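Worksheet for the structure shown next.
These numbers were taken from a predicted model, which means no experiment stands behind them. When a ligand or atom number is given, it counts from 1 through the structure's own listing order.
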Amino acid sequence: MPESITITDNRSGTSIEIPIENGGIDAAEWRRFLPGVWFCDPGLATTAATTSSITELDGDNGVLRYRGYPIEQLAEQSSFLEVAYLLVHGELPTRAQHDEWVYEITHHTFVHDNFRKRIYDAFHYDAHPMGLLTSGVAALSTFYPEAKEIENPKIRMEQIVRLIAKMPTLAAAAYRHSQGQPYVFPDNLLGYPENFLNMMYRMGGEYEIHPVLGKAMEILLILHADHEQNCSTTAARVVGSSHADPYTSVAAACAALYGPRHGGANEAVINMLDEIGDYSDVDSFMKTVKSGENRLMGFGHRVYKNYDPRAKIIKKSAYDVFEVTGKNPRLDLALKIEEIATNDSYFIDRRLYPNVDFYSGLIYQSMGFPTEMFTVLFAIGRTPGWLAHWNEMMEQGSRIARPRQLYTGPEMRDFVPLSER
Ligand code: ACO
């Protein structure tokens with residue numbers, strides 16, 4: 001059977017055969033054959049916006065691989081910075097490459113003092129930390145004007161290192177600002193997740209990081225590191241396609257991540273569990289979900305029509321964390337919701353399963369993070385993914401993102417002066 005599709009234009013009776021390559025067809029062939037006839041694809045649900053060799057996601061079978069490596073193996077055996085290298089460079093680093101990468105990232109964690117004095121301090125004390133982070137990342141672009149030289153691979157890589165290095169610094173500073181606490185400088189002697197936790201929580205003398213919590217943080221960062229053409233990565237690519245610098249593109253990604261349908265869902269899960277309140281109220285809440293009155297946050301995914309493999313790993317990690325911190329009281333509510341949903345035809349028929357955000361919020365909360373910080377944590381983890389895709393797009397030489405529309409407004413009509421309306 002030929003690996004192709006045939007399209008016939010019934011107006012003229014002409015046909016074209018287009019080969020199927022890598023599971024898709026070349027839209028340029030369609031455009032040439034049917035000029036002025038556009039796909040109407042809200043949410044780009046049927047559109048492959050690019051080819052990419054970074055992350056493979058098989059939503060039907062619950063498979064996630066970075067550069068070919070299964071997420072389960074990476075979460076178990078790798079470190080976040082090693083995974084960041086893999087995403088950005090395409091291969092696992094040798095020992096020498098690894099050590100140089102870690103050294104470079106560790107030595108680019110500081111931000112200019114004007115950040116603290118002029119940028120972050122200008123925000124209200126109760127500003128949402130995602131607002132600070134998004135603005136902070138955009139502001140970084142003004143500190144590194146050379147970043148505009150996006151055609152230069154060496155300069156691109158310097159900004160990639162800076163961004164991965166500085167995200168935890170900006171994120172922790174956003175939290176300390178909201179608490180009215182002085183900022184903590186990065187500590188070059190600590191690993192990446194430990195340095196972040198230290199900048200978050202250190203209050204005077206030494207801040208002891210429990211190894212189980214450090215490991216859980218590392219796993220959560222790895223699980224969030226990439227997820228192919230998701231909403232925030234697409235935002236980064238769209239902005240990057242206009243040849244804006246990488247800080248501006250990543251700020252766009254942060255803005256997209258902020259929303260409750262995307263990275264804001266982990267915060268929304270905790271709010272939802274708090275709203276349900278009591279174990280005995282879960283059943284009535286689930287009825288409101290089925291009637292369309294409420295949406296079950298942390299459930300459902302555009303691509304996964306099976307259990308999100310990240311949710312499985314996080315659920316296991318949650319139990320490890322609770323051994324140290326004590327059980328999060330919302331866990332029982334979450335488990336009951338999952339049990340009802342996995343046995344109810346509403347969720348089964350729509351193939352709605354827990355996604356990465358369903359259990360991550362419970363861990364974050366038990367580790368002492370306020371809910372407003374959850375999406376910020378996601379942003380730290382996703383930064384290497386955003387940058388790997390941005391860099392791949394630059395290497396590929398992309399066109400500017402500029403979709404079409406099907407116009408449904410009024411026909412041409414003459415202007416009526418205000419006095420005559
Ligand atoms: N609760 C209840 N019903 C749902 C849910 C949900 N969480 N998600 C989807 N559905 C239902 C829809 O109502 C729809 O039902 P219908 O066919 O009767 O109209 C059907 O399932 C299909 O849903 P869509 O909204 O068309 O799915 P889409 O792919 O557009 O949306 C999304 C995916 C945004 C993730 C959605 O499932 C959702 O809002 N989930 C809750 C928010 C969430 O957890 N987001 C995090 C996603 S993971 C991430 O971004 C890191």
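Considering backbone and side-chain N/O of M297, none are found under 3.5 Å from N/O of ligand 1. In terms of polar-atom proximity, R295 is counted as a contact of ligand 1, with an N or O under 3.5 Å from an N or O of the ligand. Where the criterion is an N or O separation shorter than 3.5 Å, residue side chain and backbone included, F347 fails it with respect to ligand 1. Ligand 1 has a nitrogen or oxygen under 3.5 angstrom from a nitrogen or oxygen of R261.
Looking at atom 16 (P) of ligand 1, its nearest protein heavy atom turns out to be R350 NE, 3.6 Å. In terms of protein heavy atoms, atom 9 (C) of ligand 1 is closest to L352 CD2, 3.5 Å. For atom 30 (O) of ligand 1, the nearest non-hydrogen atom of the protein is R302 NH2, 3.0 Å.
Counting the atoms of ligand 1 from 1 in the order shown, those under 4.0 Å from a heavy atom of G298 are 43 (C), 44 (O).
In this structure, R351 is not positioned above the aromatic face of Y353 in the sense of NZ or CZ being under 6.0 Å from the six-membered ring centre and within 45° of the axis.
The aromatic rings of Y258 and H128 lie tilted to each other, with the angle between the two planes from 30° to 60°.
Of all the heavy atoms of F378, the ones lying under 4.0 Å from any atom of ligand 1 belong exclusively to the side chain. Counting heavy atoms closer than 4.0 Å to ligand 1, residue D308 contributes nothing at all. In V356, the part holding a heavy atom less than 4.0 Å from any atom of ligand 1 is the side chain. When heavy-atom distances to ligand 1 are checked against a 4.0 Å cut-off, D357 comes that close only through its side chain, counted from C-beta outward. No part of V269 comes within 4.0 Å of ligand 1, judged by heavy-atom distances.
Between R65 and D58 there is no salt bridge, since no side-chain nitrogen of the basic residue lies less than 4.0 Å from a carboxylate oxygen of the acidic one.
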